[in-house]
Amino acid sequence: MSDRGSRDPRRLDFYDRSVHVVARELVGCRLRHGSAAGRIVETESYHEEEPACHAYIGLTARTQVLFGPPGHAYVYRSYGIHALFNVVVEGEGVGAAVLIRALEPVEGVELMEARRGRRARKDLCSGPGKLTQALGIGLESNGSPLLAGAIAIEPPRRDERSVELVAGRRIGITKAAELPWRFCDAASACVSRPWPAAMQGHSPALSGHRAA
DNA sequence: CATGGGATTGACT
DNA sequence: GTCAATCCCATGC
């Protein structure tokens with residue numbers, strides 16, 4: 001794999017790089033489905049060589065998309081209830097993906113509230129199951145191309161502040177839980193709980209924009 | 001074909 | 001802090 005690809009998530013070579021590089025660079029980008037969009041503030045990387053990754057077991061019906069070409073959505077059902085959205089990365093034949101774990105709502109907040117129920121804005125997308133519900137992403141989006149489909153990833157806007165990136169251990173897993181493959185914007189109040197140790201002592205703001 | 005285990009969330013004690 | 005909801009898929013008989 002090469003790490004010299006594009007930093008523009010609207011280009012295919014952005015995704016054809018190390019899963020950890022892509023996971024870090026996705027923080028600050030914007031995930032969109034129709035008129036609803038949010039700023040990515042938390043990701044985790046998963047790779048076939050490590051047992052927490054679904055691709056660890058090899059090529060099956062479930063993991064087919066993970067081993068497919070980069071730049072596509074991998075969506076699966078978690079705990080029978082929630083849809084979790086991932087970005088397939090690295091070359092075809094390599095099973096690796098970035099789990100999108102939290103967003104700051106930036107567009108279509110009313111639509112997100114309609115889907116999620118009225119609650120604090122910072123809690124609309126502060127978890128991997130919450131953000132798919134808020135954006136209306138379901139299992140039918142599994143395999144959807146991110147460069148030519150309903151779901152798109154856009155680069156950070158120039159008027160947004162830069163990301164304050166911190167890494168921590170992945171959460172919600174029992175295998176390979178010690179790997180520091182969770183990446184968060186420490187300045188965001190929308191990161192899911194528990195916050196990484198590096199965020200203790202922070203007082204994150206809600207908005208990803210610079211103060212007016 | 002039956003079974004068991006989740007990359008979670010929200011409600012409740 | 002505890003716990004149930006709920007379903008897809010991998011595994012084993």
- [ ] Would you kindly compare A/Arg119 and A/Ile173 by the position of their nearest DNA chain B nucleotide and give the one closer to the 5′ end?
- [x] A/Ile173

TODO: Check every strand shown and say whether A/Arg116 touches a base, only sugar-phosphate, or nothing at a heavy-atom separation below 4.0 Å.
DONE: sugar-phosphate

Open item on the list: Classify A/Arg170 by what it touches in the nucleic acid, base, sugar-phosphate, or nothing, heavy-atom distance under 4.0 Å.
Closed with: nothing

Task: Contact under 4.0 Å: A/Arg182 side-chain N or O vs B/dA7 OP1/OP2 - done: no

Open item on the list: Taking 4.0 Å as the cut-off, does a side-chain nitrogen or oxygen of A/Lys130 come that near to OP1 or OP2 on B/dG10?
Closed with: yes

Going by an N to O cut-off under 4.0 Å, is there a salt bridge joining [X] and [Y]?
{"X": "A/Glu107", "Y": "A/Arg30", "answer": "yes"}
{"X": "A/Arg17", "Y": "A/Glu90", "answer": "no"}
{"X": "A/Glu154", "Y": "A/Arg10", "answer": "no"}

Whole-Å distance between [N] [atom2] and [X] [atom1]?
{"X": "A/Leu84", "N": "B/dG5", "atom1": "CG", "atom2": "P", "answer": "20 Å"}
{"X": "A/Tyr76", "N": "B/dT8", "atom1": "OH", "atom2": "C1'", "answer": "9 Å"}
{"X": "A/Leu131", "N": "B/dT9", "atom1": "CG", "atom2": "C1'", "answer": "13 Å"}
{"X": "A/Ile171", "N": "B/dT9", "atom1": "CD1", "atom2": "C1'", "answer": "12 Å"}
{"X": "A/His47", "N": "B/dA7", "atom1": "NE2", "atom2": "P", "answer": "18 Å"}
{"X": "A/Asn86", "N": "B/dT8", "atom1": "CG", "atom2": "P", "answer": "11 Å"}
{"X": "A/Leu99", "N": "B/dT8", "atom1": "CG", "atom2": "C1'", "answer": "11 Å"}

Task: A/Tyr46 over B/dA7, stacked by centroid distance under 5.5 Å, angle under 30° - done: yes

Open item on the list: For the residue pair A/His47 / A/Tyr56, report whether a side-chain donor-acceptor contact shorter than 3.5 Å exists.
Closed with: no

Open item on the list: For A/Glu178, I'd like to know if atom CD has over 12 heavy atoms of other residues, nucleotides or ligands within 6.0 Å.
Closed with: yes

Task: Ring-face cation contact, A/Phe183 with A/Arg170, 6.0 Å cut, 45° max - done: no

Task: Where protein sits on nucleotides 3-9 of chain C, one letter per nucleotide: B base, S sugar-phosphate only, - none, heavy atoms under 4.0 Å - done: --BBB-S

TODO: Report the base-pairing partner of C/dT6 (Watson-Crick or G-U wobble, both distances below 3.5 angstrom), or none.
DONE: none

TODO: Any strand is fair game: report the nucleotide pairing with B/dA2 by Watson-Crick or G-U wobble, both distances under 3.5 Å, or none.
DONE: C/dT11

TODO: Please work out whether the ring planes of A/His20 and A/Trp181 are parallel, tilted or perpendicular, with thresholds of 30° and 60°.
DONE: tilted

